[in-house]
Amino acid sequence: MNNSFIDLMTQRRSIYALGKNVPQSKEEITTLIKEAIKQSPTAFNNQTTRAVILFGNSSDKVWDMTIDVLRSIMSDDDAFEQSKARVSSFKNGIGTILYFSDQDAIEESKKQFAPYAQNMHDWSEQGLGGAQFSVWTTLASNNIGANIQHYNPIIDDQVKEAFDIPENWVLRAQMPFGSVENPAGDKDFLDDSTRFKVFED
């Protein structure tokens, strides 16, 4: 039995110790990200996932604005300093991917496949998750670490203004990436009996 894809999935982990020691060019990484998203499945092939790929100062800008927003909404100084340190660490990588869902594309799918309209938002989220996993695993297979963050919706307005994001794109996640400076620790799993049922007849 071929377990090569399982091996790649096992390699994909949340890497928080990111660095800039990546041998691939920005163009090569951009191509990997685009292809991973394009090859990810979506309901009725509606392709509602959008992505903005940021390198260098553009990537840093996301985390600087996140710190600014957190400062404005957090009254506990100690808690803010902890959050600031965490967010600042994402600037140690070489880039950030911003993931969006295109609300216009979702609405169009609702019209085109009316009997399933009530499911389109959920299915769009599933497609978005699949795209994130595909990119994450593709990066990992090239020894590029990444993690997923969710500072939306508190940074939505700032992101739209900074990067000229269409109004119909809704920010869903942020993925900082870079070299793996320290591997992830051990991963625990629930017992199979809690998660799976198998019927063989």
Notebook entry, point to check: Which heavy-atom pair separates G93 from K20 by the least distance, and what is that distance?
Noted result: O-NZ, 2.6 Å
Next item on the list: Measure the CG-CD1 distance between D157 and I165 for me, rounded to the nearest 0.5 Å.
Entry: 12.0 Å
Check: In the single-linkage hydrophobic clustering (I, L, V, M, F, W, Y; side-chain heavy atoms under 4.5 Å), do V22 and I97 co-cluster?
Finding: yes
Notebook entry, point to check: For the atom pair CD (Q11) and CG (N142), what is the distance rounded to the nearest 0.5 Å?
Noted result: 9.0 Å
Next item on the list: Report the C-alpha distance between I155 and Q174 in whole Å, list the side-chain angles of each, state the deciding distance to 0.1 Å, and finish with yes or no for side chain to side chain contact (heavy atoms under 4.5 Å, CB included).
Entry: CA-CA 11 Å; I155 62 171; Q174 306 85 49; 4.3 Å; yes
Note to self: Quick one, N21 and E181 - any side-chain contact, counting heavy atoms below 4.5 Å?
What the structure shows: yes
Next item on the list: List in chain and number order the residues that pass side-chain hydrogen bond (donor to acceptor under 3.5 Å, both in side chains) with Q82, two or more places apart in sequence or in another chain; answer none if no residue qualifies.
Entry: none
Using atom types as modelled, flag every donor-acceptor pair under 3.5 Å from a side chain in residues 183-201 to any protein atom, sequence neighbours excluded.
residue: D191; atom: OD2; partner: S193; partner atom: N; Å: 2.9
residue: D191; atom: OD2; partner: S193; partner atom: OG; Å: 2.5

Note to self: Any salt bridge linking D7 with R12? Criterion: basic side-chain nitrogen under 4.0 Å from a carboxylate oxygen.
What the structure shows: no
Next item on the list: Give a yes or no answer on whether the side chain of W136 reaches the backbone of R13 with a donor-acceptor pair at less than 3.5 Å.
Entry: yes
Notebook entry, point to check: CD1 of I53 to OG of S59: how many Å apart, nearest 0.5 Å?
Noted result: 12.0 Å
Notebook entry, point to check: Does V52 share a hydrophobic cluster with L32, counting links as ILVMFWY side-chain heavy atoms below 4.5 Å and allowing steps through other members?
Noted result: no
Checklist line | same_hphob_cluster(L70, L98) at 4.5 Å side-chain heavy-atom cutoff | finding: yes
Margin query: Restricting to ring-ring contact (aromatic ring centres under 6.0 Å, His included), what partner residues turn up for Y99, sequence neighbours left out?
Written below: none
Item checked: L139 CG to M175 CE distance, which is reported to the nearest 0.5 Å -> 7.0 Å
Next item on the list: Give, for atom CZ of F100 and atom NZ of K160, the distance between the pair rounded to the nearest 0.5 Å.
Entry: 8.0 Å
Margin query: Walk me through whether L54 and F163 qualify under side chain to side chain contact (heavy atoms under 4.5 Å, CB included).
Written below: CA-CA 10 Å; L54 307 170; F163 303 108; 3.7 Å; yes
Next item on the list: Work out which heavy atom in N152 is nearest to a heavy atom in A173; give both atom names and the distance.
Entry: OD1-N, 3.7 Å
Note to self: Looking only at side-chain N and O atoms, does D102 offer a donor or acceptor that is under 3.5 Å from a partner on Q47?
What the structure shows: no
Note to self: As a quick check of understanding, evaluate side chain to side chain contact (heavy atoms under 4.5 Å, CB included) for M65 and E161, giving each step before the final call.
What the structure shows: CA-CA 11 Å; M65 69 176 64; E161 181 177 355; over 6 Å; no
Note to self: Run T31 and E28 through side chain to side chain contact (heavy atoms under 4.5 Å, CB included) and show every step you take.
What the structure shows: CA-CA 5 Å; T31 297; E28 289 173 326; 5.8 Å; no
Notebook entry, point to check: Among the clusters formed by ILVMFWY side chains lying less than 4.5 Å apart, do Y16 and V180 turn up in the same one?
Noted result: no
Next item on the list: Taking side-chain hydrogen bond (donor to acceptor under 3.5 Å, both in side chains) as the test, write out the residues that go with D76, two or more places apart.
Entry: none
Notebook entry, point to check: Looking only at heavy atoms, which two atoms of L18 and A146 are closest? And how far apart?
Noted result: CD2-N, 4.1 Å
Note to self: Any non-hydrogen side-chain atom of Y151 less than 4.5 Å from a side-chain atom of V62?
What the structure shows: no
Enumerate, atom names and distances included, each donor-acceptor pair closer than 3.5 Å involving a side-chain atom of residues 120-135, sequence neighbours excluded.
residue: H121; atom: NE2; partner: K110; partner atom: NZ; Å: 3.2
residue: S124; atom: OG; partner: T48; partner atom: OG1; Å: 2.8
residue: E125; atom: OE1; partner: R172; partner atom: NE; Å: 3.4
residue: E125; atom: OE1; partner: R172; partner atom: NH2; Å: 3.1
residue: E125; atom: OE2; partner: R172; partner atom: NE; Å: 3.2
residue: S134; atom: OG; partner: S40; partner atom: OG; Å: 2.8
residue: S134; atom: OG; partner: G130; partner atom: O; Å: 2.9

Margin query: Test of understanding: clusters of I, L, V, M, F, W, Y form through side-chain heavy atoms closer than 4.5 Å, transitively. Do I67 and M74 belong to the same one?
Written below: yes
Item checked: Heavy-atom pair with the smallest gap, counting every atom of A17 and N182 -> CB-CB, 3.5 Å
Checklist line | Partners meeting ring-ring contact (aromatic ring centres under 6.0 Å, His included) with W63 (sequence neighbours left out) | finding: F90
Notebook entry, point to check: CD1 of I29 to OG1 of T138: how many Å apart, nearest 0.5 Å?
Noted result: 12.5 Å
